[in-house]
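Hydrogens, waters and symmetry mates are skipped; everything else that's a heavy atom, side chains included, is used. Quick note on labels: first sequence line is chain A, next is B, and so on, each numbered from 1.
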Amino acid sequence: MLDIKLIRENPDIIKLAARDKKVTCDVDNLIEVDARRRKVQQEVEALRTQSREGGQQIALYRNPKGDWYKRAVENGKSPDEIKAEADRIQQELNDVKARIKPLEEEDRTVQEEFDALMLTIPQPPAPEVPVGVDDTENVELRRVGEIPTFDFDAKDHVTLGRDLDIIDIERGVKLAGSRNYILKGVGSLLHQAVLRLAQDMMVKRGFVPMTVPVLVNESVMTGTGYFPVGREQAYLCERDEMALVGTAEVPLTAYHNGEILSEDQLPLKYCAQSTCFRREAGAAGKDTAGLYRIHLFDKVEQVIICRNDEEASIAFHREILQNAEDVVQALELPYRVVNVCTGDLGQGQVQKYDIETWMPSRDSYGETHSASRFYEFQARRLMLRYKDANKKTRYCHTLNNTVIASPRILIPVLEIHQNADGTITIPAALRPYINNQERIQPRA
RNA sequence: GGAGGUGUGGCCGAGCGGCUGAAGGCGACGGUCUUGAAAACCGUUAGGCGGGUAACCGUCUCGGGGGUUCGAAUCCCUCCACCUCCGCCA
């Protein structure tokens, strides 16, 4: 969410952002509704003032023990006169009340309309974000690590998983439908290992590990910007008005919602492993093979809540990107970093860097990490604030990035570290988490 | 799930339907005092929305929503959260 004043004063910036981000919103309508909302509010408030002041009069007139009443009697007013006056005011107030009622109704309606429109307004992207239609126009910033060439017939992760008996997609689908899978044996251990490695690295860097709800109420989804735009991507538990999160970013960022922090608490750095649920609506037929695009996975996520300062936000953005790069490097995987273009940016994101890791079976880099900064966008929706040095209440800035998402990351781990004999060399960083096992051997 | 109870400002805690956005205490912050600190004393200390360059003003908010009333923290309904007992249970 943005400041309505900013929208009023710079409608063209918002319209441009909406166009570049391919977000649908009606800025002109919002501005018109806003004008109506303020007008109605002022009318209601004027009537309420009248009503309150009249009520206070009545209180005086109806209290024979009060100073005002005693003085009035001393000045020659009879109790009957006073009572008549009170009755007259009360009658007047009945009229005022009758006028307030429909205005209050209108006030409520127009406010709801305003709120709904506000939730559709996109955050303008940073100037350094390339303008583009979709992910094909993301701009590569750098490549790290060497793309391997195999002097044998390399297998994809699905084949490797089957041959080594560590991934069972068929039975996963049998239990839960398409885009489901089962990790088995060392496959399951490897999954746990990458998650634990990632978490340990983050804790060493001062991030507070958290265990958080993955089934949350809708206000939390709205607050983090996943609702109402994008609602169709979430699994809903409608009977209980709850939603399953697609990322631990949601509970971590919303952790302090509605709070006013003190500046010396900032920055707050949190990480959490959680299961992530995604409907992948609209992705029918896309990336159907293997573990790339699946309905359920586990992820360690990092979140930073910091001061309202663009410089600070940008610096932390670099930091969380580096954290993720270090994890990919620890897994000995080649990757590249891309500057995500406007068309591939979410509604609330100011800028996003994706890490794409080399996946031999795709013969390309595939997205494994996504580092975003939001400025106030989420904080405004969440009422996530702090008192600055001048005791002024300000909205925090928020950022987040993947640390590791598995099993997607197992695609390159398995494919890149495979050997001619069908075994897989486990990266050294993971071995401590798998009883120091060095290789995955085919089943006997 | 059943029965009962509770829900007031950062925390604790008052609050006959009008003068209560709310006594009092604690905490925090500022000041006086002190060589410095403590103590003591004085003062400040909620958020939303709207108006205004600003000082400031209006309005709403006493768990959320609705109702009764000229007027609600106070009465009624409902939802939510927490506590106690019973039931079920990883």
Side-chain angles (χ1 to χ4, degrees), chain A residues 1-9 30-72 82-119 211 213-220 222-223 237-243 254 256-266 275 376 379-396:
Chain A
M1 195 143 66
L2 303 179
D3 187 347
I4 181 62
K5 289 190 194 109
L6 187 130
I7 300 171
R8 278 205 293 261
E9 286 158 20
L30 172 66
I31 289 172
E32 192 269 316
V33 169
D34 172 53
R36 225 163 68 220
R37 147 184 167 266
R38 285 182 293 155
K39 180 170 161 285
V40 173
Q41 178 175 341
Q42 282 166 35
E43 287 170 6
V44 169
E45 287 183 5
L47 286 175
R48 281 209 266 249
T49 306
Q50 204 178 329
S51 164
R52 182 180 52 81
E53 286 172 353
Q56 282 166 353
Q57 285 278 302
I58 293 174
L60 296 176
Y61 285 43
R62 293 264 159 88
N63 181 7
K65 288 177 189 154
D67 291 344
W68 183 92
Y69 194 98
K70 285 177 188 162
R71 237 178 298 127
I82 294 172
K83 183 178 180 305
E85 181 68 359
D87 288 346
R88 190 187 60 74
I89 295 173
Q90 188 164 325
Q91 188 52 51
E92 256 176 42
L93 290 183
N94 275 328
D95 295 344
V96 172
K97 196 182 170 190
R99 277 194 288 153
I100 289 181
K101 198 106 187 177
L103 268 179
E104 275 182 337
E105 182 56 39
E106 191 184 342
D107 187 37
R108 192 166 28 230
T109 316
V110 76
Q111 183 67 44
E112 278 169 17
E113 202 179 336
F114 174 77
D115 292 341
L117 286 168
M118 281 296 276
L119 291 179
T211 301
V214 293
L215 186 58
V216 300
N217 50 45
E218 294 210 3
S219 68
V220 168
T222 304
C237 301
E238 281 166 308
R239 188 166 64 170
D240 300 296
E241 295 181 318
M242 304 284 274
H256 291 288
N257 92 56
E259 298 181 24
I260 300 178
L261 307 164
S262 65
E263 185 164 0
D264 54 24
Q265 287 178 268
L266 303 177
T275 301
E376 303 179 350
R380 276 185 178 271
R381 291 172 168 235
L382 290 165
M383 293 295 278
L384 170 54
R385 294 163 296 171
Y386 69 99
K387 280 239 192 293
D388 71 10
N390 301 317
K391 298 197 172 175
K392 194 169 176 273
T393 304
R394 313 194 64 189
Y395 291 100
C396 300

Practice item. Check whether any side-chain N or O of A:D3 sits under 3.5 Å from a backbone N or O of A:K5 as a donor-acceptor pair, and report yes or no. Key: yes
Revision key, fill the gap. Rounded to whole Å, the CD-P distance (A:Q56 to B:G21) equals 8 Å
**Study point:** A:R36 bridged to A:E113 by N-O distance under 4.0 Å
**Key:** yes
Between the protein and nucleotides 58-62 of chain B, list every N/O to N/O distance that falls short of 3.5 Å.
| unit_1 | atom_1 | unit_2 | atom_2 | d |
| --- | --- | --- | --- | --- |
| B:G58 | O3' | A:T49 | OG1 | 3.3 |
| B:G58 | N2 | A:E45 | OE1 | 3.1 |
| B:G58 | N2 | A:E45 | OE2 | 2.8 |
| B:G58 | N3 | A:E45 | OE1 | 3.3 |
| B:U59 | OP1 | A:T49 | OG1 | 3.4 |
| B:U59 | OP1 | A:R52 | NE | 2.9 |
| B:U59 | OP1 | A:R52 | NH2 | 2.6 |
| B:U59 | O3' | A:R48 | NE | 3.4 |

Practice item. Would you indicate whether the side-chain heavy atoms of A:R52 and A:Q57 approach each other to under 4.5 Å? Key: no
Point to revise | Euclidean distance, atom CD of residue A:E104 to atom P of B:G50 [Å, nearest integer] | key: 18 Å
Review point. Which residue, A:R62 or A:A59, contacts RNA chain B at a nucleotide closer to its 5' end, judged by nearest heavy atom?
Key: A:A59
Practice item. For B:C11 and B:C75, measure between their P atoms and round to the nearest Å. Key: 23 Å
Point to revise | A:R108 vs B:G65: side-chain N/O to OP1/OP2 distance below 4.0 Å | key: no
Review point. With the threshold set at 4.0 Å, does a side-chain nitrogen-carboxylate oxygen contact exist between A:D87 and A:R62?
Key: yes
Point to revise | Base-pairing assignment for B:C41 (Watson-Crick or G-U wobble, both under 3.5 Å) | key: B:G31
Practice item. Once you apply the 3.5 Å cut-off to both distances, tell me the Watson-Crick or G-U wobble partner of B:A55, or none. Key: none
Review point. Taking atom P in both B:C82 and B:C29, what distance in whole Å separates the two?
Key: 33 Å
Exercise for review: Using a 4.0 Å heavy-atom cut-off across all strands, classify A:K387 as base, sugar-phosphate, or nothing.
Suggested key: sugar-phosphate
Point to revise | Candidate nucleotides B:U68, B:G18, B:G50, ranked by approach to the side chain of A:I58 - the nearest | key: B:G18
Review point. So do the side chains of A:E259 and A:L384 get within less than 4.5 Å of each other, counting heavy atoms only?
Key: no
Review point. Can you name the residues that form a side chain to side chain contact (heavy atoms under 4.5 Å, CB included) with A:S219, not counting sequence neighbours?
Key: A:N217
Check your understanding: Expressed in whole Å, how much space separates the P atoms belonging to B:U44 and B:A23?
Key -> 12 Å
Revision key, fill the gap. Using Watson-Crick geometry (N1-N3 plus N6-O4 or O6-N4) or G-U wobble (N1-O2, O6-N3), each under 3.5 Å, B:A46 is paired with B:U61
Check your understanding: Any side-chain N or O of A:R385 under 4.0 Å from OP1/OP2 of B:G48?
Key -> yes
Practice item. Figure out the CD/C1' separation between A:Q57 and B:C19, and round it to whole Å. Key: 13 Å
**Study point:** Span that lies between the C1' atom of B:G24 and that of B:G30, in whole angstrom
**Key:** 22 Å
Practice item. Determine: side-chain N/O of A:K391 to OP1/OP2 of B:U44, distance under 4.0 Å, yes or no. Key: no
**Study point:** Distance between C1' atoms of B:C70 and B:C56 (Å, rounded)
**Key:** 30 Å
Study note, to complete from the structure: With the side chain defined as heavy atoms from C-beta on, A:R37 is closest, among B:G48, B:G18, B:G50, to B:G50
**Study point:** pair A:H256-A:L261: side-chain heavy atoms closer than 4.5 Å
**Key:** yes
Check your understanding: Does any nucleotide pair with B:G4 by Watson-Crick or G-U wobble geometry, both distances under 3.5 Å, and what is it?
Key -> B:C83
Exercise for review: Scan A:I89 against the nucleic acid and name what it touches under 4.0 Å (heavy atoms): base, sugar-phosphate only, or nothing.
Suggested key: nothing
Review point. Thinking salt bridges, do A:R108 and A:E104 make one under a 4.0 Å N-O criterion?
Key: no
Practice item. Rounded off to whole Å, could you give me the CG-to-P distance for the A:N217 and B:C79 pair? Key: 18 Å
**Study point:** Rounded interatomic separation in angstrom, taking CG from A:L384 and P from B:G47
**Key:** 15 Å
**Study point:** Inter-nucleotide P distance (B:U45, B:A55), Å rounded
**Key:** 15 Å
Check your understanding: Applying a 3.5 Å limit to both distances, which nucleotide forms a Watson-Crick or G-U wobble pair with B:A73?
Key -> none
Point to revise | Distance in angstrom units between A:Q111 CD and B:G65 C1', rounded | key: 16 Å
Study note, to complete from the structure: Comparing A:Y395 with A:N94, nearest RNA chain B nucleotide closer to 5' gives the residue A:Y395
Point to revise | Gap in Å between the two C1' atoms, one belonging to B:G10 and one to B:G67, rounded | key: 33 Å
Practice item. Give the rounded distance in Å between these two atoms: CG of A:L261 and C1' of B:A28. Key: 16 Å
Study note, to complete from the structure: Rounded to whole Å, CG of A:D115 lies from P of B:G50 at a distance of 11 Å
Review point. Taking OP1 and OP2 of B:C49, is either one under 4.0 Å from a side-chain nitrogen or oxygen of A:R38?
Key: no
Review point. Just by modelled atom types, is the A:T222 backbone N or O under 3.5 Å from a matching donor or acceptor in the A:R381 side chain?
Key: yes
Check your understanding: Does the side chain of A:Y69 reach to within under 4.5 Å of the side chain of A:I82, using non-hydrogen atoms?
Key -> yes
Point to revise | Nearest-angstrom distance, P atom, B:C79 to B:G2 | key: 11 Å
